[in-house]
Chemist: 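Supplied in structure tokens, the structure appears directly below.
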Amino acid sequence: MLSKLLSSQILIYNCILFFSFSLSVNYFVDFDILNYIAYVLFHLTLVYLIFYYFNFYLIFLSFLYGIFFDVFLINNISPHLISFLFFVVLFYFTKKYLLNLSSNKVFFLMIVITLIMFFSEAIFANLQFNYPINFENLFRLFVTTIILFFPSLLIFSKIDKL
């Protein structure tokens, strides 16, 4: 079990998560596209890990990253934490059905889940803290997700072959 958690692929994915988290919470005014790319890359990596490397440590990891995203971006704890944990637990209960899907359906489902995560985070922030939903930012996140999805899957497949 421990050897699986310390495999080179898992370490690389955790480094990607940490690096993209660090870039997305440190806002660069001149390079806001870099923040969008890092934020989307974090979510794509998390969803990829949930689908292909699911383990119970992902619940703990989602809990930590959810709290840190909430503290750094919103100054309150809840929207990221709820959405990350919800999708990890949802996958846990539906994984026997989801793993039987074809690879094309899994890829489509991964992109849809990522987009739903963005929208659910915005909804939770609005409902709990009256944080306004910025549809322009959501649209930018959606477009960035669509653009980054296939290159990130290509990189992830290269990492999986290590």
Chemist: Using side-chain heavy atoms (C-beta onward) and a distance below 4.5 Å, is I10 in contact with L49?
Modeler: yes
Chemist: Indicate yes or no for a side-chain donor-acceptor contact from N26 to the backbone of S22 under 3.5 Å, with no hydrogens or angles considered.
Modeler: yes
Chemist: Do Y39 and N137 get their side chains close enough for a donor-acceptor pair, meaning under 3.5 Å?
Modeler: no
Chemist: Between F42 and Y65, is the ring pair (Phe, Tyr, Trp, His ring centres under 6.0 Å) condition met? List the steps.
Modeler: CA-CA 10 Å; F42 178 87; Y65 277 122; 5.0 Å; yes
Chemist: Does Y52 OH have over 12 foreign heavy atoms under 6.0 Å away?
Modeler: yes
Chemist: With a 6.0 Å cut-off on the ring centroids, do F63 and F84 count as close?
Modeler: no
Chemist: Keeping Y13 on the side-chain end and F156 on the backbone end, is there a donor-acceptor pair under 3.5 Å?
Modeler: yes
Chemist: For S78, is there any backbone N or O sitting under 3.5 Å from a side-chain donor or acceptor partner on D70?
Modeler: yes
Chemist: Can you confirm whether F91 is buried at CZ, in the sense that more than 12 heavy atoms of other residues, nucleotides or ligands lie under 6.0 Å from that atom?
Modeler: yes
Chemist: Would you say that S62 contacts V88 through its side chain, given a criterion of any heavy-atom pair below 4.5 Å between the two side chains?
Modeler: yes
Chemist: Side chains of H43 and I113, heavy atoms from C-beta outward: is any pair under 4.5 Å?
Modeler: no
Chemist: Hey, are the side chains of K105 and L98 touching, using non-hydrogen atoms and a 4.5 Å cut-off?
Modeler: no
